[in-house]
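Structure first, then comments.
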Amino acid sequence: MKSNFEDDLKKEQYLGEYLDTIYSDVFKDFKIERKLDSISQNNGIDLIISKDELKFNIDEKAQLDYLNLDLPTFAFEISYIKDNLQKLGWLYDKSKITDKYFLITGIFLNDEHDIKKGFKSCKIISVDRAKLILFLKSRGLNFEKILEINHSIRNGTQEKNIFISELDSRLEGKMYYSKNNKAEMPINLVLYLDFLLKTKIAKKVH
């Protein structure tokens, strides 16, 4: 199985340049600083958006595996495998100091076969990380429960869509185990974007 890490980095670079043109219009009264250094990246910071006393550390999460599609859901990483060891995914990783995730969805290219020719459109939804974790806890999905479910999945036979009793799988979300189609074999919490918006965990940016 081949990791798409290097290809994704190139895609992220092209997308970042496009997103910066959107941010300069949407956040006219704010200072926008894109962070490319390894320390910021490891801390879960792609952007810092600030104004007066307000400051937000932003982690951009883009559906780059699904270009020219508009999916109703987004995957939040719970765990993954690296060097044959299980690692904690970015949602609950305490080393990350992310305040908000910018979910970049519905990414359409000018030429669907060549990302270098630029982007036609995309959607940006801001998710408050603390609100999301608190909401999940209110549903019985605290960190310990999430780890318990993750452990059960890793040691079980189920893969792909895995339904959990705490969430309505048709309208809210479910777990997803990419056991055989991704090198990192991530386990993700897949949530519906409309659900995140209705609960005010998220709001539209663009």
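The structure presented is a predicted model; accordingly, all values stated were derived computationally and were not measured. FYI, the numbering just counts along the sequence from 1.
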Subject >> Same cluster (ILVMFWY, side-chain, under 4.5 Å), Val127 and Leu167 >> reply: yes
Original post:
Is it the case that more than 12 heavy atoms not belonging to Glu17 sit under 6.0 Å from its CD atom?
Top reply: yes
Original post:
How long is the gap from CG on Asp111 to NZ on Lys120, to the nearest 0.5 Å?
Top reply: 9.5 Å
**OP:** Spell out, yes or no, whether Ile164 and Ile201 are grouped together once hydrophobic residues are joined by side-chain heavy atoms under 4.5 Å, including indirect joins.
**Re:** yes
Original post:
Nearest 0.5 Å, what's the CE-CG distance between Met175 and Leu191?
Top reply: 9.5 Å
Original post:
Between Ser126 and Lys100, which heavy-atom pair has the shortest distance, and what is it?
Top reply: OG-CD, 3.5 Å
Subject >> Test item: Leu132 and Leu136 side chains (from C-beta on) under 4.5 Å apart, heavy atoms >> reply: yes
Original post:
More than 12 heavy atoms of other residues, nucleotides or ligands under 6.0 Å from CG of Leu171: is that the case?
Top reply: yes
Original post:
Roughly how far, to the nearest 0.5 Å, is the CD1 atom of Ile115 from the CG atom of Leu15?
Top reply: 7.0 Å
**OP:** Would you kindly confirm whether Leu141 and Leu147 end up in one hydrophobic cluster when ILVMFWY residues are joined by side chain heavy atoms under 4.5 Å apart?
**Re:** yes
Subject >> Positive for side chain to side chain donor-acceptor pair (under 3.5 Å) with Ser79, one of Lys87, Glu184, Arg154 >> reply: Arg154
Original post:
Looking at Asp168 and Arg170, does any basic side-chain N land under 4.0 Å from a carboxylate oxygen?
Top reply: yes
Subject >> N/O donor-acceptor pair under 3.5 Å between Asn150 side chain and Ile146 backbone >> reply: no
**OP:** Step by step, work out the side chain to side chain contact (heavy atoms under 4.5 Å, CB included) result for Leu88 and Phe143.
**Re:** CA-CA 11 Å; Leu88 193 61; Phe143 181 53; 4.1 Å; yes
Subject >> Salt-bridge contact Asp70-Lys123 (side-chain N to carboxylate O under 4.0 Å) >> reply: yes
Original post:
Heavy atoms, side chains only, cut-off 4.5 Å: are Lys145 and Asn142 in contact?
Top reply: yes
**OP:** Rounded to the nearest 0.5 Å, what's the gap from CG on Asp114 to CG on Leu109? Could you check?
**Re:** 8.5 Å
Original post:
Where is the tightest heavy-atom contact between Leu36 and Gln41, given as atom of each residue plus distance?
Top reply: O-CG, 4.0 Å
Original post:
If you take all heavy atoms of Phe74 and Ala62, which pair is closest and at what distance?
Top reply: CZ-N, 4.3 Å
**OP:** Give me the other members of the hydrophobic cluster that Ile48 sits in, counting Ile, Leu, Val, Met, Phe, Trp and Tyr linked by side-chain heavy atoms under 4.5 Å, directly or via other members.
**Re:** Ile45, Ile97
**OP:** Measure across Ser169 and Tyr192 and return the closest heavy-atom pair with its distance rounded to 0.1 Å.
**Re:** O-CE1, 3.4 Å
Original post:
Is the shortest distance from a Lys or Arg side-chain nitrogen in Arg34 or Asp20 to a carboxylate oxygen in the other one below 4.0 Å?
Top reply: yes
**OP:** Hey, can you tell me if Phe76 and Tyr101 have their rings parallel, tilted or perpendicular (30° and 60° cut-offs)?
**Re:** perpendicular
**OP:** Hey, could you give me the CD1/CD1 distance between Ile104 and Ile22, rounded to the nearest 0.5 Å?
**Re:** 7.5 Å
Original post:
Closest approach of Thr98 and Gly44, non-hydrogen atoms and distance?
Top reply: OG1-O, 2.7 Å
Original post:
Which heavy atom in Ala75 sits nearest to a heavy atom in Val190, and how many Å separate them?
Top reply: CB-CG2, 4.1 Å
Subject >> Single-linkage hydrophobic cluster, 4.5 Å side-chain cutoff, Ile81 and Ile153 together >> reply: yes
Subject >> side chain to side chain contact (heavy atoms under 4.5 Å, CB included) assessment of Ile149 paired with Ile78 >> reply: CA-CA 10 Å; Ile149 294 171; Ile78 301 301; over 6 Å; no
**OP:** Decide side chain to side chain contact (heavy atoms under 4.5 Å, CB included) for Leu196 and Ile125; before the verdict, give the C-alpha distance in whole Å, the side-chain angles of both, and the deciding distance to 0.1 Å.
**Re:** CA-CA 9 Å; Leu196 293 171; Ile125 293 175; 5.9 Å; no
Subject >> Transitive ILVMFWY side-chain link Leu71 to Ile107, under 4.5 Å >> reply: no
Original post:
When you look at OH of Tyr66, are more than 12 heavy atoms from neighbouring residues, nucleotides or ligands closer to it than 6.0 Å?
Top reply: no
Original post:
Going from CD on Glu172 to OG1 on Thr199, what distance comes out if it is rounded to the nearest 0.5 angstrom?
Top reply: 8.5 Å
Original post:
Heavy atoms, side chains only, cut-off 4.5 Å: are Leu19 and Ile124 in contact?
Top reply: yes
Original post:
Does Phe56 have its ring centroid less than 6.0 Å away from the ring centroid of Phe27?
Top reply: no
Subject >> Salt-bridge present (Glu77, Lys61; N to O < 4.0 Å) >> reply: no
Subject >> Flag side-chain contact, heavy atom, 4.5 Å: Lys96 against Asp59 >> reply: no
Original post:
When you measure from the side chain of Lys160 to the backbone N and O of Tyr177, does any donor-acceptor pair fall under 3.5 Å?
Top reply: no
Subject >> CA sep, side-chain torsions, deciding dist, call: Tyr176, Asn161, side chain to side chain contact (heavy atoms under 4.5 Å, CB included) >> reply: CA-CA 5 Å; Tyr176 194 94; Asn161 289 311; 3.3 Å; yes
